[in-house]
Amino acid sequence: MVDAASNKPARAAAEFAPVRQTAAAPSAASPYRLATGGIVDRSAPLLFSFDGRNYGGLRGDTLASALLANGVRLVGRSFKYHRPRGILAAGSEEPNALVELREGARREPNTRATVAELYEGLAAVSQNRWPSLWFDCMAVNSLFSPIIGAGFYYKTFMWPASFWEKLYEPMIRRAAGLGRAAGMPDPDTYEKAFAHCDVLVIGSGPAGLMAALAAGRAGARVILCDEDFEFGGRLLAECRDIDGRPCAQWAGSLLAELASLPEVRMLKRTTVFGAYDHGVYAAIERVADHLATPSPHMPRQRVWNIVAKRTVLAAGAIERPLVFGNNDRPGVMLGGAVRAYLNRFAVKPGTRAVVFANNDDAVATLLDLAAAGISVQACVDPRGADAGVVRAAAQRIGTRFVNGAVVRARGGHRLRAVDVSAVAEPWHKLTFPCDLLAMSGGWSPSVHLSSHLGGRPQWSDALAAFVPGPLPRGMSVAGAAAGEFGLAACLAGGAKAGAEAAGDCGFAAKPVAMPGIGPEPIGIAALWRVRAKRGKAFVDFQNDVTVSDIELAEREGFRAVEHLKRYTTLGMATDQGKTANVNGLAIMAELTEKTIPATGATRFRPPYTPVAIGALAGHHRRKDFKPTRLTPGHAWAQEQGAVFMETGLWLRAQYFPQPGDNSWLDACNREVTATRNAVGVCDVSTLGKIDLQGTDAGLFLDRLYANAMSSLPVGRARYGLMLREDGFVLDDGTVSRLAEDHFFVTTTTANAARVMQHMDFCHQVLWPDLDVQFVSVSDQWAQYSLAGPKAREVLQKLVDGQHDISNTAFPYMAAGEVTVGGGVPARLFRISFSGELAYEISVPARFGDAVIRAVVAAGAPLGIRPYGLEALSVMRIEKGHVGGAEINGQTTARDLGLERMVSSKKDFIGRVMAGRPALLAPDRPAFVGFKSVGDGAIGAGAHFLPVGAEPSARNDEGHVTSVAYSPTLGHLVGLGLLKGGSKRLGEKMRAYDPLRGRDTLIEVCSPVFYDPEGARLRA
Amino acid sequence: MLLIPCPYCGPRPEIEFRYAGQAHVARAADPSALSDAEWAQFLYLRDNPRGRHAERWRHTNGCGRFFNCIRDTLTDKIAATYRIGETPPDLAAGAEARR
Amino acid sequence: MPDQALRQRAPLEALARPGRFGATSAAAGVMLSEIRDRGLASVAARKNQRAALLAAAKSAFGCGLPTRPRRAFGRDGLSFVWAGPDQWVAMLDHGPVGGIEPRLAASLKGLASVVDQSDGRAVVRIGGARARAALAKGMPIDLHERAFTPGDAALTFFSHINVHIWQVDETPTYEIAVPRSFVGSFWHWLTEASAEFGYEATGSNSSA
Amino acid sequence: MVLPSSHSRAGAVADLRYSILSLVAQSFRGNTAWRPVWREPEPKPAYDVVIVGGGGHGLSTAYYLAKEHGIGSIAVVEKSWIGSGNVGRNTTVIRSNYLDHANIPFYEWSLKLWEGLEQDINYNAMVSQRGVLMLYHSDAQRDALARRGNAMRLNGVDAELLDRDAVRRLVPILDFDNARFPIHGGLLQPRGGTVRHDAVAWGYARAADSRGVDIIQNCEVTGITVENGRAVAVETTRGKLHARKIGLACAGNSSRVAALAGLRLPIESHVLQAYVSEGIKPLVPNVITFGAGHFYISQSDKGGLIFGGDIDGYNSYAQRGSTPMIEDVMEGGVSLIPTLSRLRMLRSWGGIMDMSMDGSPIIDKTPIEGLYLNAGWCIGGFKATPAAGWCFAHTIARDAPHELNAAFRLDRFAAGHLIDERGAGAQPNLQ
């Protein structure tokens, strides 16, 4: 907020500081630290380092205030010209004072010294300079500034083309960028949390405090957020009286009451960085950034998703710099920042000052400087008669008032003097030696969050500032953020907004008594730039955008505000132009001789200030990126030393290595051979499982599957093929009928969720009238596949005696309910993926572990082996079953040689579209098998080319989908999609795989390599 | 983040839902009677208004139900949500979902 | 068949180690346990049978089936939680875990489809002064006492996992049903969320 | 096909050729001689061709109409400022690593045009061929990428299949040791890379302007006049512009503008977000696509990391994003590159994507004579900018598609000739 004249002299700060005061600690003994005042804790000295040098500060300091307290003025280098830079501001709008904070894996580049809370042992280094901050070679860029102005790179570096990647770009990239990433994994943890409230109050200055109080007293659920590590906003930085008490003290008592209200939650160090739809706000809480390392069990930062019925935006305002020659010299500082350093941090930002302002804010600056014993050399104000209160204040402290403007700052690494041109005698230049220039170009309300949903800020000539335009639903704006400049206006506006917000949520608020405030002039006359002959006049400090860059942009036609931004990079730096946008826009308006509103208004996008990417990721990183699904048999598989692989969210056994294996292939071959010759067992619990009931269940399945299901007899299972409505294959699986009105469906592991979604859609949206109910039972049942000639033998040892599972009683494709292990309910399905005599047995998941152990125990004498996905895949390829590589969303039933499964007697999802010309085109690649001719290697993803044809897209006839070495047949077996498909059996083709440097001769054959007549699975 | 009023569960954050395309696109009773052009209309051609849009959502991470929603595609303001099979409410009458 | 009977394993048996974890400063802010002796079943009304089903349930179990997200209690440890329109999760305290389906099916034949889910869900109980704060770290719904009270239920998610939650008492205590295959990740995230407040894990807990 | 020649006729205004020499020369004259990069003409009542949409596609179409087809009177009408749409709101990636034979030659031609662009239009768009790497995390993904890479090779496009160690040598900062979905390798297209997006719009605008094209900003199309089956004029907020031919290049607004002529399109408009980090010293050497989540990233020459993920997933014309996708993208980012965790997201924005039902574009005539459509670019429109303009110009000038865009037909959906790279079908209309 903007604060103005106090007609009392600043009082001894000890009176009002909420924090306990003690004698100055030795480490804080510095000519720049005031002996009293401020809300720093002189009993808590802290050691820190900057560029390797050690300094002392106090608890309650920011890195910036601590550096100033140690007389450090030069803290950084600018982006392009590497100009020496100091501290401009005292808050998150700081464009200059960026440092690399912390070391090693915790290094954080581009951290603003003005918001970095000081802690014991803090280590920071300056960035973007070489070899040192004091002597930076890259500063030569300044000499070339006429050549390397705005957008110069669009006009050169074009010849020769090949030099861009080799020479120009590496050069530019090394020079660009600011700080350095740690380059190591972040050791800290992060959280995301949800919060809900009636009223969210953003900002805890006078307006925010009153809003929170009004709403809180009314009983509403209130969340009060402030980005600072102390509540109070400008009340902490100003030297004003409220109800006859110092404003910081007054704030302290309000905070005490707020803290006592049970439904008020106060979040300090918390920046609300984004406004989203429907009253949702995103905030970042810096839980542990004020500590060397987070405390145990605490995250470093926490992202809040706040759902608020109403919001009061009380984010205050940001002071604008004045634009004149060399206005970036270290020691040139915003007036409000000067007061913050004096009043809050008890730090003198300089010893000899000049004040330069176009508004009455200068009054407070003058008085506070004088009170701190800093000699003010001059007070410069472009306004004549309107500057009365400023002139008076200058007189009161015995400072010369000059009606004019600072045209140029002198000095290099720090400010030495300013040249002033007076209105009265412009030909005669005045020079005032000083090491501090306190400037104010007026204040810009922090309208950012009000425009995140698209509302354009509106220009106010009276305030010379943008105020909020159309607001997001549920948001109101109070205090300086609303352009209500002046303490009294802020307090009143806040109280009103808080009461109204609570009222909208059904909580009647009693009016809050308004405290007494002295008079406060807030006059301003816009001054967008001082026409300076010499010295760069910076508009965007961080991106080194000067007035001449804006002039060039205008000259070249980049006049739309977004063109201006993008061409000059004005407002694109890490500070998002908080101090630059309005000046830049106004200067463009002057150049184009348009009004500011006609020139445009920058809309803001989240985040308000940059947010750590790790905080937005929260807990979900490394192994916790996504949840992990485990089968009931997982622990058992681990004990067997299984190697697991990720399939969707599941972990599944890939193979079971044994000592002496040379590779996974040995294990895979062993598992296949054991299964083919004796018996193997595989955990298939990951299959999607759906329980369907209802009198129309059969009819429903008929409409879902390409083949008929209503005709399925009770006690039998059937393979099913599901199409998408557009005619392509969605999934395959099995359907078993447990009773007239009761079915059990399995889907592939990969498509389980998609199929469930599809079934829900078909039932809820397409055919709600059907009497069918279904629910996923994927997690209810542990399921194992027992395959191999001895599978029945093993099973007979498990299944309770009364169940006859002989081949006659329980033939191929039988399905039924049995009990195992003495009464444990189980379901048995005689279905085979491997081509062997095989069963799938499912048991309630709590028995899953016991049953797999029992199976292996029972099978041990028969040579049972557990097998994993590799063996499973080899056997399905040997058997010519389609899998995920063939059902890839681009293949039809016809492509896959499954047309015989497609019913012509009924309608079903996908039937009509499957008959469209393009899906029946004879040259569509269709499903075939192939063998290698000779012993060349082949990989899936190779393309089929005719022998002797030159490799080209024109000659591409399909591709290899699956390949495996068949230990059963002793050679490679493969599946693929080939134009012409089965019509080309016996043809020789090339499997062309340039990526892997292979080109192998193959022979097309039937995809069924093993037991084509299917005798084994019926055995 | 949108807060979408599920007709069964009440307002929930967008993250619990999945968009399911334009609402009130009826599947023909006798699909084989449709021409290719009509099928293209049904499957592929969509209203894509800048403004009020009748669309389907599914409360995937909730009750699992599909439902209809009338939302402004520019402002994201949700005018109403209603169950599958129900006719769109008369918005002129100002029927409006909570937030 | 090997002689010893098949051993049952509860979803969290290997994970939920009893003890005091996380911040140790004050009293544990969160209490965590797994309920292992409760039977679960999904109940879905048959087409056009809702009214008859509600009546049948009333007479057979002594409670109406909730028609909004609530939990209703019937006789002999039976309760029903709303799980979507015309759908409920029936729960039977003290098991036998597998015994719920036949019991329901008998009384609801033709009126509802009943499917045993006793093994498909793990039920975790979370209570304590900071339970809400811990759950807020992954659950988007408002659990404030003004918004969510004992008996209220919701289908929502925690971190990336779909859950079914209902409130048991004002402590507050909640029960959360989680798909069994996800329970390891769920427990990991829940305990990390609770660590800040200090949590007490008691392995298993009786369902009533 | 040959690269467009780099000769450039003396232009209407921006006649000052860009080079280091002109930069130096101008600097001595106080940089006062630079002229507007494009004129701001008043709309004329009639043109040979009016292009609707002053984005990358519209401006490149106008440029190639003038340069390749010698069409004299061309206007580009833009409702806002040029480049205000997706050309100014994307993640700047260029590549031709596609799977389908209908797509690869088109995107490869685009890449070839990128390679010669700066010399052609005398504007440095910072075409940076730093390589595009698609990661795989399973054998199945590897095989799918092998199929894709081999398809690229068959089209004469560069592609390399890298194993885990090769990826590690190339980008050591990825998470190779603690990942939920471990990196198994990647498919690299060395010639892929990035381009300074805004510069593409400005460069084409300057080059088109210098060939006499009228670029008319703040000129919104409010109607399309159709007389007995033929489009004859566009009505705009700045008056009626008659045209022998009208080309639509409106990206996310295609459905709305086409509706002015009574056309209904197989397109939905969705928001795609993008994000940029604070500027840092070089960290990410090339363009990287995560295979186990929605995340891709590159680093701009200014030092900002530019990254993005999936579309928000519902119809929207709001050029802003929502939080669930932000969090999803950041989760993917930190999981792929752990050191991102302590870097900060500086800015996020949303573009409106014209999502076609099969994920592939449309460059075609329409049922209305004289009306041509360039749309359906989904999330891939930027990389296509030169070829889309080149092919669209050809289609408009010759009244027939070039072989490169022959497959991008508007009527393919009815016949089933889909170009479905992902095999996902017409999401979200299939459940």
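Electrostatic pairing of D/Arg320 and A/Asp277 counts as a salt bridge here, judged by a charged N lying under 4.0 Å from a carboxylate O. A salt bridge is absent between A/Glu556 and D/Arg206; no separation between the charged side-chain nitrogens and carboxylate oxygens falls under 4.0 Å. A salt bridge links D/Glu327 to A/Lys192: at least one charged side-chain nitrogen sits closer than 4.0 Å to a carboxylate oxygen.
Heavy-atom pairs under 4.5 Å with chain D peak, among A/Phe152, A/Tyr567, A/Phe79, at A/Tyr567. Each of A/Leu919, A/Thr628, A/Asp624 has some count of heavy-atom pairs under 4.5 Å with chain D, and the biggest count is that of A/Thr628. Of the listed residues (A/Val765, A/Val611, A/Ile909), the one with the most heavy-atom contacts under 4.5 Å to chain D is A/Val611. Contact count versus chain D (heavy atoms, under 4.5 Å) is highest, among A/Leu995, A/Val303, A/Thr156, for A/Leu995. Residue with the most contacts toward chain D among A/Ala553, A/Ala176, A/Ala921, A/Ser962: A/Ala176 (heavy-atom pairs, distance under 4.5 Å). Ranked by heavy-atom pairs under 4.5 Å with chain A, the first of D/Leu187, D/Thr32, D/Val24 is D/Thr32. Contacts with chain D were tallied for A/Glu646, A/His959, A/Glu950, A/Arg996; A/His959 has the most, counting heavy-atom pairs under 4.5 Å.
Using a 4.5 Å cut-off between heavy atoms, D/Asp139 contacts chain A through its side chain alone, with no backbone atom that close. Residue contact with chain D, scored on non-hydrogen atoms closer than 4.5 Å, involves the side chain of A/Asn305 exclusively. For D/Ser300, the part sitting under 4.5 Å from any heavy atom of chain A is the backbone (N, CA, C, O) and nothing else. Looking at D/Arg196, only its side chain comes within 4.5 Å of chain A, counting heavy atoms on both sides. Using a 4.5 Å cut-off between heavy atoms, D/Val157 does not touch chain A at all. Interface residue D/Glu160: only backbone heavy atoms are found under 4.5 Å from chain A. At a 4.5 Å heavy-atom cutoff, A/Phe144 makes no contact with chain D through either its backbone or its side chain. With a 4.5 Å cut-off on non-hydrogen atoms, D/Ala414 touches chain A through its backbone but not through its side chain. Using a 4.5 Å cut-off between heavy atoms, A/Phe558 contacts chain D through its side chain alone, with no backbone atom that close. Contact of A/Ala182 with chain D is made through backbone and side chain together, with heavy-atom distances under 4.5 Å. Heavy atoms of A/Arg107 lying under 4.5 Å from chain D belong exclusively to its backbone. For chain A, the nearby parts of D/Asn31 are the backbone and the side chain; heavy atoms of each come within less than 4.5 Å. Neither the backbone nor the side chain of A/Ile148 has a heavy atom closer than 4.5 Å to any heavy atom of chain D. Neither the backbone nor the side chain of A/Ile284 comes within contact range of chain D; no heavy atom of the residue lies under 4.5 Å from a heavy atom of that chain. D/Phe413 touches chain A through its backbone: at least one of N, CA, C or O sits under 4.5 Å from a heavy atom, while the side chain does not. Contacts between A/Leu552 and chain D at a heavy-atom distance below 4.5 Å involve the side chain alone, from C-beta outward. Of the two parts of D/Ala159, the backbone and the side chain both hold a non-hydrogen atom closer than 4.5 Å to a non-hydrogen atom of chain A. Proximity to chain A (any heavy atom under 4.5 Å) is shown, for D/Gln299, by both the backbone and the side chain. In this structure, chain A has a heavy atom under 4.5 Å from the side chain of D/Ile326, while its backbone stays farther away. D/Met152 does not touch chain A: none of its heavy atoms, backbone or side chain, sits under 4.5 Å away. In this structure, no portion of A/Met759 lies under 4.5 Å from any heavy atom of chain D. Heavy atoms of D/Ile121 lying under 4.5 Å from chain A are absent altogether. Interface remark: D/Ser348 contributes backbone and side-chain atoms alike to the contact with chain A (heavy atom separation under 4.5 Å). Looking at A/Met184, the atoms closer than 4.5 Å to chain D (heavy atoms on both sides) all sit in the backbone: N, CA, C or O.
Here the two rings, on D/Trp349 and A/His452, have centers that are 6.0 Å apart or farther. Taking the centre of each ring, D/Tyr18 and A/Tyr153 stay at or above the 6.0 Å mark.
Side-chain contact of A/Glu169 with D/Ser128: a donor-acceptor pair under 3.5 Å is present, judged by distance alone. A donor atom on one side chain and an acceptor atom on the other are found under 3.5 Å apart for D/Arg344 and A/Thr111. Between the side chains of A/Asp956 and D/His101, at least one donor N or O lies within less than 3.5 Å of an accepting N or O. A side-chain donor from one of D/Lys281 and A/Asn128 sits under 3.5 Å from a side-chain acceptor of the other.
Taking both residues in full, the closest heavy atoms of D/Asp420 and A/Gln890 are given as O-NE2, 2.8 Å, listed atom of the first, atom of the second, then distance. Of all heavy-atom pairs between A/Ala942 and D/Asn150, the closest is CA-ND2, 3.8 Å. Here the closest heavy-atom approach between residue A/Pro607 and residue D/Leu346 is recorded as CD-O, 3.1 Å. Taking all atoms of both residues into account, the shortest heavy-atom contact from A/Trp164 to D/Val127 is CD1-O, 3.0 Å. Of all heavy-atom pairs spanning D/Ala292 and A/Phe625, the tightest one is O-CE2, 3.4 Å. The two residues D/Thr339 and A/Gly183 come nearest to each other via the heavy atoms OG1-N, 2.8 Å.
The backbone N or O of A/Pro627 lies less than 3.5 Å from a partner atom in the side chain of D/Arg180, making a donor-acceptor pair. Within the 3.5 Å criterion, the main-chain N or O of A/Pro109 finds no donor-acceptor partner in the side chain of D/Arg342. Remark: the backbone N or O of D/Gly423 is not paired with any side-chain donor or acceptor of A/Asn888 at under 3.5 angstrom. Remark: side-chain polar atoms of A/His943 are paired, donor with acceptor, to backbone N or O of D/Arg147 under 3.5 angstrom.
When each of A/Thr189, A/Asp188, A/Asp186 is checked for a side chain to side chain donor-acceptor pair (under 3.5 Å) with D/Ser341, only A/Asp186 meets the rule.
Note that the CE atom of A/Met158 and the CE atom of D/Met126 stand 10.0 Å from one another [nearest 0.5 Å]. Distance check, rounded to the nearest 0.5 Å: CG of D/Asp177 to CZ of A/Arg622 gives 10.5 Å. In this structure, A/Thr569 OG1 and D/Asp198 CG are separated by 11.5 Å, a value rounded to the nearest 0.5 Å.
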Practice problem: Go through D/Ile20 and A/Trp159 one step at a time and tell me if the side chain to side chain contact (heavy atoms under 4.5 Å, CB included) criterion holds. | Solution: CA-CA 10 Å; D/Ile20 183 65; A/Trp159 188 90; over 6 Å; no
Self-check item: Full working for side chain to side chain donor-acceptor pair (under 3.5 Å) between A/Tyr992 and D/Arg153
Solution: CA-CA 10 Å; A/Tyr992 181 67; D/Arg153 289 288 196 91; over 6 Å; no
Practice problem: Please report the C-alpha distance between D/Asp175 and A/Arg621 in whole Å, then the side-chain angles of each, then the deciding distance to 0.1 Å, and finally whether the salt bridge (charged side-chain N to carboxylate O under 4.0 Å, His left out) criterion is met. | Solution: CA-CA 10 Å; D/Asp175 185 351; A/Arg621 60 183 68 201; over 6 Å; no
